[in-house]
Amino acid sequence: KYEIYKKYCFRDPLLQLGFCMSIWDELDDPQLRNKGRDILIKHWDNKYFHDSLYQFIDTHKEYSKNIEKDQPLNEETHELRKTPSNKPIFSVNSNEKGLDEVNQIINLISDPNIDVISFDVFDTLLIRPCIEPLDVLKLMPDLGGFTFSEFSEMHKYADMRSNEINGSRANIDDIYKIMGQTFSIYTKEIDRLKQLELETEYNTISSRKTVKAIYDAALKFGKTVIIATDTYFSKKIIKKMLWKEGYISFTKYYVSSDLGKRKDFGDMYDYILQDLKIHPSRIIHIGDNTLSDWSIPYYKGINVINYSK
């Protein structure tokens, strides 16, 4: 596999290797996969990155194996039969003031050829009063005597270790357990801090009003509505957050910590297609992340709407 990586790393080996590691379903080492994802995030704006990424997708012999151009979906195996070529069908920038953009999206999802509408959760359906996800820790009333900087670094370290140990099933229980073991914090205090984080998240989230309108329209059109999220929160916690803001009618909840599959690794999208027994052209996914909500589903043939922060 490493020889294949090197063969296709024709411009920037580090970036290309990072991409390979982040999506290659057969690569089992979570530490390497996480490293690849970090490389992607760090270098996403590199001017050579996208050309090399697209070239990799178009030429990788494993990705294109047994694919025949323009042959339809095999209804028995539901395998893709051609390299996806669709482009993101609509992109919404960060300015949400105009209703025209929302109405255009509602018009798109009304298409009778679209059966499933998939939503990202954080910064799409739900928003927080902060820029970065861990900034919510600043809003906790008590950090156990630690400064925000200290607590967030401990949290990041525990999150990283949880990913190394559990892979895509990393969850908040394991994160706080690792924090307690690593930094010698009593179990009772760890449980209290974990509960404080959950309460702070729950109390500070709100619905993104324009996306709520799109969600309501999808239900009105009779679409199958699902969520797909990469998070260390459990499905039960995500469900509670969504219900609080009036999102109560999802057919399926695809949550990385429960499934052991992630959007940014690509395997969650594969799982969704197989689970729903549907061709990717009949799904629209809506989300804010350029990598996990746009580029990866895009290259799996899923229609995507980039709904930026």
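Only this structure's heavy atoms are used, side chains among them; waters, hydrogens and symmetry mates stay out. Here, residue 1 is the first one in the sequence, and each next residue gets the next number.
Put simply, the side chain of Cys130 does not reach to within 4.5 Å of the side chain of Thr204, judged on heavy atoms. For the pair Ile205/Lys244, a side-chain contact is recorded, criterion being any heavy-atom separation below 4.5 Å from C-beta on. Using a 4.5 Å cut-off on side-chain heavy atoms (C-beta onward), Asp115 and Thr224 make no contact. Side-chain atoms of Ile226 and Ile117, non-hydrogen and from C-beta on, never get closer than 4.5 Å to each other. You'll find the side chain of Phe146 reaches within 4.5 Å of the side chain of Ile185, heavy atoms only. Side-chain atoms of Leu198 and Ile237, non-hydrogen and from C-beta on, do get closer than 4.5 Å to each other.
The salt bridge (charged side-chain N to carboxylate O under 4.0 Å, His left out) analysis of residues 124-149, with sequence neighbours excluded, yields the pairs Arg128-Glu201, Asp142-Arg192. Sequence neighbours left out, the pairs with a member in residues 170-180 that pass salt bridge (charged side-chain N to carboxylate O under 4.0 Å, His left out) are Asp173-Lys194. Listed by first and then second residue, the salt bridge (charged side-chain N to carboxylate O under 4.0 Å, His left out) pairs that reach into residues 289-299 are Lys263-Asp293, sequence neighbours excluded. Sorted by first and then second residue, the ring-ring contact (aromatic ring centres under 6.0 Å, His included) pairs with a member in residues 184-225 read Tyr215-Tyr247, Tyr215-Phe250; sequence neighbours excluded. Within the structure, the salt bridge (charged side-chain N to carboxylate O under 4.0 Å, His left out) test picks out the following pairs touching residues 212-228 (sequence neighbours left out): Lys212-Asp216.
The hydrophobic cluster containing Tyr271 also contains Leu276, counting ILVMFWY residues as joined when their side-chain heavy atoms lie under 4.5 angstrom apart, directly or transitively. Met268 and Ile278 fall within a single hydrophobic cluster, where Ile, Leu, Val, Met, Phe, Trp and Tyr side chains are chained together by heavy-atom contacts under 4.5 Å.
Remark: side-chain polar atoms of Lys300 are not paired, donor with acceptor, to backbone N or O of Ser295 under 3.5 angstrom. Side-chain atoms of Thr231 come within 3.5 Å of backbone N or O of Phe233 as a donor-acceptor pair. Checking side-chain atoms of Asp267 against main-chain N and O of Lys261 turns up no donor-acceptor pair under 3.5 Å. Gln181 places no side-chain N or O within donor-acceptor distance of the main-chain N or O of Ile178, the cut-off being under 3.5 Å.
Aromatic rings of His155 and Tyr232 (six-membered ring for Trp) have centroids within the 6.0 Å cut-off, being under it. Checked against a 6.0 Å centroid threshold, the rings of His285 and Tyr269 count as neighbours.
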Working for side chain to side chain donor-acceptor pair (under 3.5 Å), residues Ser292 and Asn289: CA-CA 6 Å; Ser292 61; Asn289 188 280; 3.2 Å; yes

Verify side chain to side chain donor-acceptor pair (under 3.5 Å) between Tyr307 and Thr210, making sure each step is shown before the conclusion. CA-CA 10 Å; Tyr307 213 106; Thr210 50; 2.8 Å; yes

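A search for side-chain contact (heavy atoms from CB on, under 4.5 Å) contacts involving Glu199 returns Gln195, Leu196, Asn203, not counting sequence neighbours. Annotation: side-chain hydrogen bond (donor to acceptor under 3.5 Å, both in side chains) contacts of Thr229 (sequence neighbours excluded): none. Applying the side-chain hydrogen bond (donor to acceptor under 3.5 Å, both in side chains) test to Ser256 and every residue at least two apart in sequence or in another chain returns nothing. Residues passing the side-chain hydrogen bond (donor to acceptor under 3.5 Å, both in side chains) test with Lys252 are Asp275, sequence neighbours excluded. Judged as a ring-ring contact (aromatic ring centres under 6.0 Å, His included), and not counting sequence neighbours, Phe151 has no contacts. Listed by chain and residue number, nothing satisfies the side-chain hydrogen bond (donor to acceptor under 3.5 Å, both in side chains) test with Asp258 (two or more places apart in sequence, or in another chain). By the salt bridge (charged side-chain N to carboxylate O under 4.0 Å, His left out) test, Asp111 pairs with no residue at all, sequence neighbours left out.
With no hydrogens or angles considered, no side-chain donor-acceptor pair links Asn107 and Asn103 at under 3.5 Å.
Here the straight-line distance linking atom CD1 of Ile172 with atom OG of Ser257 works out to 10.0 Å at 0.5 Å rounding.
Shown are Leu108, Ile109, Ile284; of these, the side-chain contact (heavy atoms from CB on, under 4.5 Å) with Ile214 is made only by Ile109.
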